[in-house]
Amino acid sequence: MRGFGDLEGPIMDRIWDRDAPVTVRDVFDELSAERTIAYTTVMSTMDNLHRKGWLDRAKDGKAYRYTATASRDEYSARLMREALAGAGDTEAVLTHFVTQMDGEESDMLREVVRRLSGRRPG
């Protein structure tokens with residue numbers, strides 16, 4: 001898994017920012033207010049995201065309504081997991097990552113580790 005492409009990212013951001021399913025027209029209208037883009041480009045990109053498993057869709061008349069299959073947080077975690085999996089030395093990568101955190105991020109990491117270490121396996 002790589003990060004999203006130049007258009008996939010902005011499309012996913014708009015879908016994640018909504019609490020309801022969106023149509024290609026919804027996303028196109030928002031994007032076209034910021035840049036010159038063809039409706040068919042948005043449609044084919046959303047179709048590609050569906051084929052890649054990032055979007056679910058349901059038929060609504062002649063159009064589809066799209067929803068994300070994973071949250072923005074889950075996507076970010078997958079990218080982090082992929083980076084770790086591709087690393088030669090996982091401990092070194094984690095060390096570099098943690099040393100770049102600010103105090104608040106370090107506190108959050110400690111809290112997450114503390115909470116997860118209290119869980120029972122299985």
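Heads up: numbering here begins at 1 and tracks the sequence.
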Open item on the list: Please find the pair of heavy atoms, one from Lys52 and one from Glu8, that lie closest to each other, and give the distance.
Closed with: NZ-OE2, 2.6 Å
Task: Minimum-distance pair of heavy atoms, taken over all atoms of Arg78 and Ala70 - done: NH2-CB, 3.8 Å
Roughly how far, to the nearest 0.5 Å, is the [atom2] atom of [Y] from the [atom1] atom of [X]?
X	Y	atom1	atom2	answer
Met101	Leu109	CE	CG	4.5 Å
Tyr75	Met80	OH	CE	13.0 Å
Leu7	Leu31	CG	CG	6.0 Å
Ile11	Tyr66	CD1	OH	9.5 Å
Ile15	Glu30	CD1	CD	10.0 Å
Leu79	Leu84	CG	CG	11.5 Å

Open item on the list: Run Glu91 and Thr95 through side chain to side chain contact (heavy atoms under 4.5 Å, CB included) and show every step you take.
Closed with: CA-CA 6 Å; Glu91 183 178 345; Thr95 299; 4.2 Å; yes
Are any non-hydrogen side-chain atoms of [X] and [Y] less than 4.5 angstrom apart?
X	Y	result
Arg25	Tyr39	yes
Arg35	Pro10	yes
Thr67	Arg18	no

Open item on the list: Could you check whether Glu34 pairs with Arg14 (Lys NZ or Arg NE/NH1/NH2 to Asp/Glu carboxylate O, under 4.0 Å)?
Closed with: yes
Has [X] got more than 12 heavy atoms of other residues, nucleotides or ligands less than 6.0 Å from its [atom1]?
X	atom1	answer
Asp89	CG	yes
Glu111	CD	yes
Phe97	CZ	no

Task: Whether Phe4 and Trp54 hold their rings parallel, tilted or perpendicular, with breakpoints at 30° and 60° - done: perpendicular
- [ ] Would you sort out whether Glu104 and Met108 count as a side chain to side chain contact (heavy atoms under 4.5 Å, CB included), showing the intermediate values?
- [x] CA-CA 6 Å; Glu104 185 178 331; Met108 282 189 276; 4.1 Å; yes
Open item on the list: Pairing donors with acceptors under 3.5 angstrom, does anything connect the side chains of Asp26 and Thr23?
Closed with: yes
Open item on the list: Set out, in order, the CA-CA distance, both residues' side-chain angles and the distance that settles side chain to side chain contact (heavy atoms under 4.5 Å, CB included) for Leu55 and Met46, then state yes or no.
Closed with: CA-CA 8 Å; Leu55 294 178; Met46 289 175 71; 4.3 Å; yes
